[in-house]
Chemist: 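Could you have a look at this structure, given as structure tokens, before my questions?
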Amino acid sequence: MFLHDTMSREKRPLLPKPGRDVYGMYCCGPTVYGPAHIGNFRTFTVQDVLRRTLEVAGLKVKHVRNITDVDDKTIRGAQAAGQTLSDFTMTWTDKFHADCTALGLLPPHVEPSAVVHIPQQVAMIKALVDRGHAYVAKDGSVYFKVCSCPDYGKLNHIDFSKLETQSENSAGEANDADEYERESASDFALWKSRKPEDGANFWPSPWGEGRPGWHIECSAMSLAHLGATFDLHGGGIDLCFPHHENEIAQSECATGVKGFAAHWFHSAHLMVEGEKMSKSKGNLYTLDELVAKGFTPMEVRATLLSGHYRSSLNFTMKGVDDSRSALAKLERGTDRLLAAAGFTRAEFAAPSAQEVQTSWGRFAKAWEVLQDDLNIPGCLGQVFTVLAEKDEPSTEQARQDVSGLAKILFALGLQLFAAKAEVAIPADVAELGARRWAAKQSKDFSAADQLRQDLAAIGWTMLDRKDGYELKKA
RNA sequence: GGCGCGGUAGCCAAGUGGUAAGGCCGGGCUCUGCAAAAGCCCCAUGCGUCGGUUCAAUUCCGACCCGCGCCUCCA
């Protein structure tokens with residue numbers, strides 16, 4: 001498996017660190033102050049495919065994705081809802097998990113909570129202060145001293161030694177009033193001293209009561225669960241700076257060990273109907289909103305995977321429609337292949353089949369493409385190409401193909417043949433359908449046509465089969 | 001200003017120094033009382049523009065035009 005690495009800007013192989021048999025990946029998780037939107041889920045879905053692909057490739061993976069449950073937004077949200085911070089974040093954590101399940105995301109092996117890891121964060125900040133990489137401001141806040149870290153900026157290829165202050169950039173008017181005690185504009189908060197507006201949300205520390213800064217949370221949790229160095233760190237591209245840059249600086253300076261994450265994996269953002277997602281535009285779709293529009297979570301997943309992870313993806317309702325059609329085609333092609341192999345859908349879905357079978361059949365190319373920088377669109381193109389091949393495969397060939405296809409669909413997390421929600425058929429519709437079928441059987445076609453029109457008038461269509469019919473909502 | 005990404009058919013989207021995967025839509029055919037469904041076939045002499053390198057460029061190099069992202073605790 002090869003994957004583009006943000007720091008080296010090269011495609012590099014993914015292998016566990018020498019001497020280890022587990023591939024450790026840390027992904028920045030959600031801030032649980034409301035429902036996650038599809039942009040968040042693009043990132044998590046792409047990470048899920050990476051993890052699945054590595055597992056199908058035979059690697060043992062340890063996937064860590066945190067829950068950010070203490071920061072400005074969660075505290076404000078809890079206060080607005082009149083709830084304790086933990087009750088509030090629990091509600092949204094549960095909702096996040098429900099959405100993840102619906103989208104077919106495998107649960108991470110470890111899902112650490114930032115609040116639970118505050119002692120580890122305090123310990124890390126203390127190490128930074130002791131080593132001269134951080135300083136305590138008058139109010140008890142602690143800041144990371146960027147100039148003490150000579151290679152700060154290496155992830156983003158920015159040379160900070162030449163910059164006088166960060167605030168000289170065009171966006172640099174963001175000097176928060178509560179950060180005026182920083183020695184340099186580039187320095188960032190590790191510990192924020194207790195403020196009245198924090199309410200009951202403060203913790204003890206050697207510098208007084210307060211709460212951790214956002215960046216230190218991920219450094220402490222990755223250290224706790226993956227060690228001072230690990231294999232891969234992922235997140236949305238917006239986190240590349242400053243969040244990930246800060247994580248590197250904090251972790252490497254606190255532990256004294258260079259090489260925090262061996263590989264950096266960033267996914268591009270989502271646009272919605274051609275526009276950047278934003279609250280003011282009202283296009284921050286949640287999964288629930290898309291389901292309410294009649295789309296299934298699997299259709300949403302397929303849409304989120306319809307572009308390469310390093311390109312921004314324009315999410316449109318037409319796109320989800322297209323994905324629905326494509327998934328249906330994928331199901332039909334899979335059905336044909338199963339028939340050629342003499343398998344049932346149930347056998348295809350069984351996980352044991354994936355473990356036992358090792359062949360890729362005609363899908364070897366699709367698998368190869370997927371392993372080249374997680375090229376999901378290219379992989380799916382290959383899958384469709386094979387499914388469209390004209391020559392009927394032999395039973396043996398088809399069985400090998402099924403094995404390969406099952407593994408690829410598992411890697412992509414595309415679950416086919418999900419039970420369709422049964423649409424209740426109203427009694428009057430059922431009666432019209434029965435009458436039309438009877439009329440057709442007795443070859444009274446004019447009556448049958450009239451009844452078809454009657455059904456259409458109330459929003460239903462009737463699909464004739466050989467031995468019966470099907471009523472569908474238009 | 002700094003760092004970075006991208007412009008491929010009506011829409012979406014892979015890809016390659018040797019002549020353009022795939023999906024959607026559309027058109028045709030088969031099947032069909034009708035209508036669908038399904039299957040098959042067709043659908044970019046062309047890959048933002050202009051130069052350059054090359055036997056050969058959409059693919060490499062340069063310039064330009066256009067769109068986008070980060071530089072603000074946004075995945």
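Order of the sequence lines sets the chain letters (A, B, ...), proteins ahead of strands, with each chain counted from 1.
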Chemist: By nearest atom, which of the nucleotides B:rG39, B:rA13, B:rA75 is closest to the A:L313 side chain?
Modeler: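 Looking only at heavy atoms from C-beta outward on A:L313, the closest nucleotide is B:rA13.
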Chemist: Looking only at N and O atoms, is any donor in the side chain of A:R436 or the base of B:rG33 less than 3.5 Å from an acceptor on the other one?
Modeler: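 Donor-acceptor pair under 3.5 Å: yes.
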Chemist: What's the NE2-C1' distance between A:H4 and B:rC5, to the nearest Å?
Modeler: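 Rounding to the nearest Å, NE2 of A:H4 and C1' of B:rC5 are 10 Å apart.
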Chemist: Tell me which of A:S446 and A:D238 sits closer to the 5' end of RNA chain B, going by the nucleotide each one is nearest to.
Modeler: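 The residue closer to the strand's 5' end, by nearest nucleotide, is A:S446.
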Chemist: What is the distance, rounded to the nearest whole Å, between atom NZ of A:K365 and atom P of B:rG22?
Modeler: 12 Å
Chemist: Can you check nucleotides 7-10 of chain B for protein contacts, nitrogen or oxygen pairs under 3.5 Å, and list what you find?
Modeler:
none

Chemist: Let's see if you can work this out: which of B:rA13, B:rC25, B:rA35 has an atom nearest to the side-chain heavy atoms of A:P377?
Modeler: B:rA13
Chemist: Starting from C1' on B:rG4, measure out to NE2 on A:H269 and report it in whole angstrom.
Modeler: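 Answer to the nearest Å: 13 Å.
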Chemist: Ring-plane angle category for A:F144 and A:H133, please: parallel below 30°, perpendicular beyond 60°, tilted otherwise.
Modeler: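 A:F144 and A:H133: parallel rings.
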Chemist: With respect to the phosphate group of B:rA37, does any side-chain polar atom (N or O) of A:R465 fall under 4.0 Å of OP1 or OP2?
Modeler: no
Chemist: Roughly, in whole Å, what's the span from CG in A:L412 to P in B:rG23?
Modeler: 16 Å
Chemist: Over 60° means perpendicular and under 30° means parallel, so tell me whether A:F315 and A:Y285 are parallel, tilted or perpendicular.
Modeler: tilted
Chemist: With both distances under 3.5 Å as the test, what is the Watson-Crick or G-U wobble partner of B:rC5?
Modeler: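 B:rG67 - that is the nucleotide pairing with B:rC5, both distances being under 3.5 Å.
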Chemist: Regarding B:rG15, can its base be found pairing with the side chain of A:N375 as donor and acceptor, where the two atoms are less than 3.5 Å apart?
Modeler: no
Chemist: Name the closest nucleotide to the A:F241 side chain, picking from B:rC70, B:rA75, B:rA13.
Modeler: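 Ranking B:rC70, B:rA75, B:rA13 by closest atom to the A:F241 side chain puts B:rC70 first.
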Chemist: Side chain of A:H308 only, please: which of B:rA75, B:rA14, B:rA13 is the nearest?
Modeler: B:rA14
Chemist: Would you mind writing out the side-chain donor-acceptor pairs for residues 151-158 of chain A within the sub-3.5 Å range, not counting sequence neighbours?
Modeler:
from, atom 1, to, atom 2, distance (Å)
A:D151, OD2, A:K154, NZ, 3.1
A:D151, OD2, A:K258, NZ, 3.1
A:Y152, OH, A:N246, OD1, 2.4
A:K154, NZ, A:E252, OE1, 2.8
A:N156, ND2, A:C240, O, 2.9
A:N156, ND2, A:E245, OE1, 2.7
A:H157, NE2, A:M7, O, 2.8
A:H157, NE2, A:R9, NE, 3.3

Chemist: Of all the choices, B:rA21, B:rA75, B:rC25, which nucleotide is nearest to the side chain of A:S325 once you look at every atom?
Modeler: B:rC25
Chemist: Could you tell me the separation between the CZ atom of A:R452 and the P atom of B:rG33, rounded to a whole number of Å?
Modeler: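 Result: 12 Å.
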Chemist: Rounded to whole Å, please give me the gap between NE2 in A:H243 and C1' in B:rC71.
Modeler: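 These atoms are roughly 16 Å apart.
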Chemist: Regarding B:rA75, can its base be found pairing with the side chain of A:R42 as donor and acceptor, where the two atoms are less than 3.5 Å apart?
Modeler: no
Chemist: Using residues 466-474 of chain A as the side-chain source, report each donor-acceptor pair under 3.5 Å to any protein atom, sequence neighbours left out, with the distance given to one decimal.
Modeler:
from, atom 1, to, atom 2, distance (Å)
A:E470, OE1, A:R465, NE, 3.4
A:E470, OE1, A:R465, NH2, 2.9

Chemist: Might you point out which heavy atoms bring A:R310 and A:H266 nearest each other, and give the distance in Å?
Modeler: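 That closest heavy-atom pairing would be CG-O, 4.3 Å.
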Chemist: What is the distance, to the nearest angstrom, from the CZ atom on A:F315 to the P atom on B:rC68?
Modeler: 21 Å
Chemist: Taking the six-membered ring for Trp, are A:F88 and A:Y33 closer than 6.0 Å centroid to centroid?
Modeler: no
Chemist: Could you tell me the separation between the CZ atom of A:F384 and the P atom of B:rC24, rounded to a whole number of Å?
Modeler: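 The answer, rounded to whole Å, is 7 Å.
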Chemist: May I ask you to verify whether the side chain of A:N40 and the base of B:rC74 hold a donor-acceptor pair under 3.5 Å?
Modeler: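 Answer is no: no donor-acceptor pair is held.
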Chemist: Could you check whether A:F445 and the base of B:rG33 form a stacked pair, meaning centres closer than 5.5 Å and planes differing by less than 30°?
Modeler: yes
